[in-house]
Amino acid sequence: MTSRESEWLEAVKRGDDEAFSHLVDAYQKPVYNLCYRMLGNVNSAEDAAQETFLRAYKSISRYDTSRSFVTWLLSIASHYCIDQLRKKHIQSFSTDDEEYAWMAPVDPNPLPETVITMKEKQAQVQSLLSVLNPKDRAAVILRYWYGYSYVEIGNALSLTVSAVKSRLHRAKRELAKTWEYQKTGMLANGRVRNES
Amino acid sequence: MNHKHFEDLLLSDKPLSPDESYELQDHLQKCAQCRNLKENLESVETLFATTPELEPRLGFSNRWRERLAIEKKTEEIFRNRWQSLILLVLIGNGLLIALFILGFQFSGYFLNPSQLLLSMIARFTSIYTALNIILEIILVLFQTIPGVFPPIFWIMSLTLMMVTCFLWFVLLNRLDFSRRKVKP
């Protein structure tokens, strides 16, 4: 934890709302990214990210400073998204062009082809993640986008290390299988198009 | 052919020993199914590794601040409602207990209404008599006290009272003024 982060946390505990806004500024990107990867929908992701910060703000007194703040935030976000997916409130995965307009491009002035490729990539990622059950999806996201260890994933998702291992094992097999289906589907579509 | 062992090696994150690595490579050369799994897994991992993190729309923090303000207001309304409800329940319970006690005490009267009427008349008569006595005492005091003290005493007492009132008024005004100055 950085010294600035500790200062902000101390200020938040004293009731300074502005200090929490600094933390929101600093961690909005990882939290939003996790929510989007989990829910696959920009509106739901925005709502989930806002809710995550709100829950963190309300329970800041229970935050253990020996833990990483961002891990704590991502844990709240994961649990919230898992609950939302279980309640089936989320219309998961949308390929609507307007939705992708909110996504930040890597290049500030991207070429149209780059934008299209990026959109396709994002859509492909979401379609792969959507086949996983909520907890497996959270484990995969924390592993691949945040580089978390099994222990960290276990702490974030309230799972044992062996449970994390078995979930990741199952999820990888599922992802590979889905990739195979998609590849075969694309090849078949291409063949149909060529023949016609 | 036993694929499970090799699948486990491919799906596991732990680094393989030289023996395991050799065994796996050997198997992959012969087994198309496991080779396919490896390729698919590598493709998925490459896709994940090359897909950038996403950012929320601009103004996320401002929207969060607005949401926090709304949440705080809603909580305050909710808290006030709860407090009012608790107060109402307490008052209601107090009234019920009072009614129960009163009902228990006056149950005899309720069973016999004529006795209740008689006791009420007796109570009013005693109150009326007591008020009359007090009035008479006050009248006697007003008639006798002015003669007991000389006129100068009354003038001085009146002046003292007026000065005290004036000082009290001035002090109150000063205090109020200083409080107003402290406010931002």
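Lettering follows sequence order; numbering is per chain, from 1.
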### Query
Highest number of heavy-atom pairs under 4.5 Å with chain B: which of His22(A), Lys29(A), Gln50(A)?
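The residue among His22(A), Lys29(A), Gln50(A) with the greatest pair count is Gln50(A).
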For the atom pair [atom1] ([X]) and [atom2] ([Y]), what is the distance rounded to the nearest 0.5 Å?
X: Tyr32(A); Y: Arg57(B); atom1: OH; atom2: CZ; answer: 8.5 Å
X: Thr51(B); Y: Glu120(A); atom1: OG1; atom2: CD; answer: 12.0 Å
X: Thr50(B); Y: Lys121(A); atom1: OG1; atom2: NZ; answer: 3.0 Å

Chain B contact via [X] - which portion, at a heavy-atom distance below 4.5 Å:
X: Lys58(A); answer: side chain
X: Val31(A); answer: neither
X: Glu174(A); answer: neither
X: Arg170(A); answer: neither
X: Ile141(A); answer: neither
X: Tyr144(A); answer: side chain
X: Leu175(A); answer: both

### Phe48(B) and Trp145(A) aromatic ring geometry - parallel, tilted or perpendicular at 30°/60° bounds
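Aromatic pair Trp145(A)/Phe48(B) classed tilted.
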## Note on the structure
When Leu11(B), Leu10(B), Leu37(B) are each screened for side-chain contact (heavy atoms from CB on, under 4.5 Å) with Lys172(A), the one that passes is Leu11(B)
### Under 4.5 Å from any heavy atom of chain A - which part of Asn62(B)
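Neither; nothing under 4.5 Å.
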### Task
Select one option (side chain, backbone, both, neither) describing which atoms of Glu66(B) are under 4.5 Å from chain A's heavy atoms.
neither
### Query
Do you know the tightest heavy-atom contact between Leu47(B) and Leu128(A)?
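In this case the closest contact between Leu47(B) and Leu128(A) is CD2-CD1, 3.6 Å.
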### Message
If you count heavy-atom pairs within less than 4.5 Å of chain A, which of Glu45(B), Glu39(B), Lys38(B), Glu7(B) leads?
### Response
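Most heavy-atom pairs within the cutoff with chain A belong to Glu45(B).
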### Query
What residue among Lys72(B), Arg65(B), Arg67(B) forms salt bridge (charged side-chain N to carboxylate O under 4.0 Å, His left out) with Asp17(A)?
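Exactly one candidate clears the test, Lys72(B).
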